[in-house]
2 protein chains.
Amino acid sequence: MTKGPRPQAPVSCPIGRAVGLLGERWTLLILRNANLGTTRFDAFRAELGIADNILSSRLARMVEAGLLTRVPYRGSGRTRHEYRLTTAGAEVLPVLHALAVWGQEHTESPEPAAPMRVIHQQCGQVTTPGRVCDHCGEPVRREEEAWVRPWLSSEPTVLASPVRTGS
Amino acid sequence: MTKGPRPQAPVSCPIGRAVGLLGERWTLLILRNANLGTTRFDAFRAELGIADNILSSRLARMVEAGLLTRVPYRGSGRTRHEYRLTTAGAEVLPVLHALAVWGQEHTESPEPAAPMRVIHQQCGQVTTPGRVCDHCGEPVRREEEAWVRPWLSSEPTVLASPVRTGS
DNA sequence: GGCTAAACTTGCTCAACGCAAGCCAGCGAA
DNA sequence: TTCGCTGGCTTGCGTTGAGCAAGTTTAGCC
């Protein structure tokens with residue numbers, strides 16, 4: 001237990017509590033990739049370049065915090081586990097949107113061109129990351145949202161769906 | 001210089017870059033309080049309970065990153081410095097909004113009742129933190145936005161204005 | 001001339017991070 | 001059968017960062 005506001009300190013401010021859970025060193029980046037469909041240990045490691053002991057402890061803490069769930073799957077006969085988004089993890093999306101907008105506006109990209117874009121698949125148009133489509137004015141539902149990250153690929157990536165937590 | 005994505009690593013993803021600048025241990029909390037009007041070293045220390053060597057280095061880094069500016073002021077004759085928001089610092093507000101919403105939804109408050117609220121002063125009504133007022137539908141401009149944090153006071157706090165950075 | 005306050009700075013300790021290497025279970029190939 | 005490989009961790013060790021406490025500087029004030 002740290003003294004800083006890190007692991008779920010009982011602070012009154014919801015921002016403080018959110019920062020306590022989400023503000024650790026890799027958590028938001030793991031959630032970004034999980035929202036883009038990454039589920040497996042190897043994939044997180046390869047995409048993020050994070051050391052595996054740290055990834056391991058981070059994933060465990062995120063499962064404990066209810067941001068991810070560990071679900072078994074069968075990878076060629078052998079039973080393994082993958083990390084799927086919970087609704088709490090999926091609902092970090094507005095935070096990621098806000099960070100993306102701020103990052104585009106206030107930080108310098110190493111590559112000159114090709115910023116990240118969000119596509120509202122229902123109308124097929126580019127929109128700024130947010131709740132409502134700039135183009136058609138409709139609310140952007142998560143199943144209709146795709147991200148284009150030109151530095152990786154020109155293909156859009158549809159957001160991953162959270163696992164259905166019974167209730 | 002760390003190896004993680006911490007201090008302005010030249011990453012392609014705007015979220016990664018934003019997390020690199022904003023994701024350090026106290027940065028978002030300092031920005032929260034700066035957006036609520038805190039400007040002085042002492043006040044940050046008292047409000048956040050942060051150690052002063054860390055506050056000192058954090059403020060210096062934030063000034064260097066362009067989130068805050070150090071401006072001289074005269075406190076009863078003596079010239080001192082205060083830390084004022086730049087526009088880059090002020091525009092972290094949507095991130096804080098998103099964190100506040102997520103925190104209210106997905107974390108447990110130590111006190112039972114009294115969640116944080118946002119008031120749109122133009123119509124005088126409570127709204128969820130965001131770009132548009134839930135009540136009147138108008139965009140909430142920052143000068144019209146006030147936060148009520150009942151665990152501190154029942155008085156609303158109007159958001160601080162950033163310093164005018166020439167052009 | 002001594003006191004006080006604001007804003008740091010310095011020194012020490014411990015937790016967190018990063019790297020590298022090792023481990024383990026099961027499959028497929030030799 | 002043993003060998004190697006692959007995915008997911010765990011262990012050990014060194015480095016960076018955070019927390020605490022105490023000291024320092026600057027200038028107004030009595």
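Per chain, numbering begins at 1; letters A, B, ... match sequence-line order. These figures come from a predicted structure and were not determined experimentally.
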(Q) With a 3.5 Å distance limit and no angle check, can you tell me whether B/R17 reaches the backbone of B/S12 through a side-chain donor-acceptor pair? (A) yes
Q: Find the distance A/E24:CD to D/dG17:C1' and express it as a whole number of Å.
A: 14 Å
Q: Calculate the interatomic distance between B/I50 atom CD1 and D/dG17 atom C1'; express it in whole Å.
A: 12 Å
Q. Quick one: is D/dC9 close enough that its OP1 or OP2 comes under 4.0 Å of any side-chain N or O from A/Y83?
A. yes
Q) Which one, C/dA21, D/dA18, D/dT6, comes nearest to the side chain of B/I54? A) D/dA18
Q. Rounded to whole angstrom units, what separation is found between the CZ atom of B/R61 and the C1' atom of C/dC8?
A. 16 Å
Q.
Can you identify which nucleotide, out of D/dA18, D/dC9, C/dC8, has its nearest atom closest to the A/D52 side chain?
A. D/dC9
Q) Roughly how many Å is it from CG in B/N53 to P in C/dT10, rounded to a whole number? A) 11 Å
Q: Taking only the side-chain heavy atoms of A/R25 (C-beta and beyond), determine which of D/dG8, C/dA6, C/dC17 contains the nearest atom.
A: C/dC17
Q: Report yes if the side chains of A/W147 and A/I119 come closer than 4.5 Å at any heavy-atom pair, otherwise no.
A: no
Q | Euclidean distance, atom NE2 of residue B/H81 to atom C1' of C/dA5 [Å, nearest integer] | A | 16 Å
Q: Kindly give the heavy-atom pair with the smallest separation between B/R32 and B/L48, and that separation in Å.
A: NH2-CD2, 3.6 Å
Q: Please report, rounded to the nearest Å, how far the P atom of C/dC8 is from the CG atom of B/L55.
A: 8 Å
Q. Taking CZ from B/R40 and P from C/dA5, how many angstroms apart are they, rounded to a whole number?
A. 13 Å
**Q.** Nucleotide of D/dC9, C/dA7, C/dT9 approaching B/S56 most closely (side-chain heavy atoms)
**A.** C/dT9
Q: Can you measure from CE (A/M62) to CG (A/L22) and round to the nearest 0.5 angstrom?
A: 8.0 Å
Q.
Whether B/S57 contacts D/dG17 is assessed here as follows: a side-chain N or O lying under 4.0 Å from the phosphate OP1 or OP2. Is that the case?
A. no
Q | Distance test, side-chain N/O of A/R58 to OP1/OP2 of C/dG18, below 4.0 Å | A | no
(Q) Quick check for you: among D/dT6, D/dC9, C/dT9, whose closest atom lies nearest to any side-chain atom of A/R80? (A) D/dT6
Q | B/R142 atom CZ: more than 12 heavy-atom contacts under 6.0 Å | A | yes
Q) In whole angstrom, what separates A/I30's CD1 from D/dG8's P? A) 14 Å
